[in-house]
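Heavy-atom basis, side chains included; hydrogens, waters and symmetry copies ignored.
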Amino acid sequence: MLRADIDALPLPDLKDVPYASTRAGLCHACGHDVHTTVLLGVARALAAQGDLPGTVRAVFQPAEEQVPGGALQVLESGALDGATRAFALHCDPSVPVGRVGLRTGSITAACDRLEVTLTGPGGHTARPQLTVDLVHALARVVTEVPGLLGRQVDPRAAMSLVWGAVGAGVAANAIPETGSLRGTVRVLDREVWDAAEGLVRRLVHRVGEDSGATVAVEYVRGVPPVVNDPRGVALLRSAAIETVGGEGVVLSPQSMGGEDFGWFAERLPIALARLGTHGGGDPLDLHRGTFDVDERAIGVGVRLMARTALHSLAADAAAPPAPGRCDGRDSRSGRRRRWRPVDTSATPTPALHTAGER
């Protein structure tokens with residue numbers, strides 16, 4: 001299964017190019033238009049080839065930019081049923097065009113949204129002892145909770161809590177009755193993400209209530225980390241070497257950004273590649289109205305993903321399904337069990353056929 005995310009962002013398109021957005025306040029500032037074009041090209045190339053040793057399913061997924069993401073709609077629709085593995089790519093403006101970034105294991109982070117509200121009686125700043133000093137309580141939550149997380153979670157999980165908004169009070173001499181915090185929790189480890197909500201809630205309540213405040217926590221689970229399957233990355237690497245040469249394959253750094261493709265790992269092994277899109281000039285970044293790509297990246301992406309699909313079909317035909325895959329349901333809860341990868345790095349990779357350029 002090959003996936004492309006297709007949604008745009010609520011940003012004005014600031015580029016002076018023929019393909020600029022025609023919708024005011026909306027543009028493809030994350031490269032999803034490139035992802036869509038690449039997958040359309042792959043589908044046309046594979047359809048023209050004919051006599052494939054299996055089926056390649058192209059999925060055009062909406063709502064990747066929303067929480068918890070349109071990938072859940074794909075899972076619920078049954079579009080993954082019967083597939084053996086899933087691949088995707090994402091534009092990377094930090095990588096030169098003509099290069100492909102790969103990484104085994106966690107390549108993006110889980111991302112959850114957190115909102116904390118503290119309340120108390122308020123009062124005069126001349127007599128804080130008669131009130132709950134909410135500004136001080138908020139400051140404690142802001143500084144102490146991230147520090148406590150760093151002492152209660154394995155640092156290799158790279159868990160972080162960063163606040164993006166703080167609000168309380170209007171007057172210099174009045175202690176407010178309410179205050180709020182908003183931030184995100186990010187983590188690279190899938191199992192730590194499963195336990196993150198409970199841990200964060202306990203720590204926020206402990207620190208806030210220790211200051212005398214009443215604490216309310218709204219915790220919205222977002223997207224899981226994208227954990228690249230070793231065999232999937234090996235298939236991508238073989239295709240990438242054929243497409244851009246060995247020198248064009250680079251190690252992709254881990255990103256603390258979120259990507260809902262991670263939900264697909266609930267059902268089958270996944271692998272995400274980074275497509276280099278920087279063609280020179282000033283560096284660009286995602287989620288900005290100025291984001292643009294060197295369009296030569298589109299051809300690279302088509303050849304990369306078409307060859308990956310062909311390699312994957314050949315591997316499936318030559319070997320049984322990878323160990324660790326799970327298609328059943330839990331006998332107690334009735335819920336579908338999550339696929340959990342096993343270490344297959346020592347298993348020889350079957351011979352793969354080379355795909356011609358299209």
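The side-chain heavy atoms of P225 and L188, taken from C-beta on, include no pair separated by under 4.5 Å. A heavy-atom distance below 4.5 Å is not found between the side chains of E144 and L203. Side-chain contact between T243 and V100 is absent, with no heavy atoms from C-beta onward closer than 4.5 Å. In this structure, L9 and H287 have side chains that are in contact, with non-hydrogen atoms separated by less than 4.5 Å. Between R221 and D112 the shortest side-chain heavy-atom distance falls below 4.5 Å. Residues P93 and V293 fail the side-chain proximity criterion, which asks for heavy atoms closer than 4.5 Å. In this structure, H90 and T108 have side chains that are not in contact, with every pair of non-hydrogen atoms separated by 4.5 Å or more.
Remark: H278 pairs with no residue by the side-chain contact (heavy atoms from CB on, under 4.5 Å) rule, at least two apart or across chains.
Between R274 and E259 there is no salt bridge, since no side-chain N of the basic residue sits under 4.0 Å from a carboxylate O of the acidic one. Between R190 and D194 there is a salt bridge, with a side-chain nitrogen of the basic residue lying less than 4.0 Å from a carboxylate oxygen of the acidic one. Salt-bridge formation is detected for the pair D294/R296: a Lys NZ or Arg NE/NH1/NH2 atom is positioned less than 4.0 Å from an Asp or Glu carboxylate oxygen.
Under the side chain to side chain donor-acceptor pair (under 3.5 Å) rule, Q61 has a single partner from D260, D5, T36, which is D260.
Other residues, nucleotides and ligands place no more than 12 heavy atoms under 6.0 Å from the CZ atom of R113. Other residues, nucleotides and ligands place more than 12 heavy atoms under 6.0 Å from the CZ atom of R127. More than 12 heavy-atom neighbours from other residues, nucleotides or ligands sit within 6.0 angstrom of CD on E115.
In this structure, a donor-acceptor pair under 3.5 Å is absent between the side chains of Q66 and D7. Side-chain atoms of D13 and Y19 include no donor-acceptor pair closer than 3.5 Å.
One N or O on the side chain of W163 and one on the backbone of V142 form a donor-acceptor pair closer than 3.5 Å. S211 places no side-chain N or O within 3.5 Å of a backbone atom of A213 that could act as its donor or acceptor partner.
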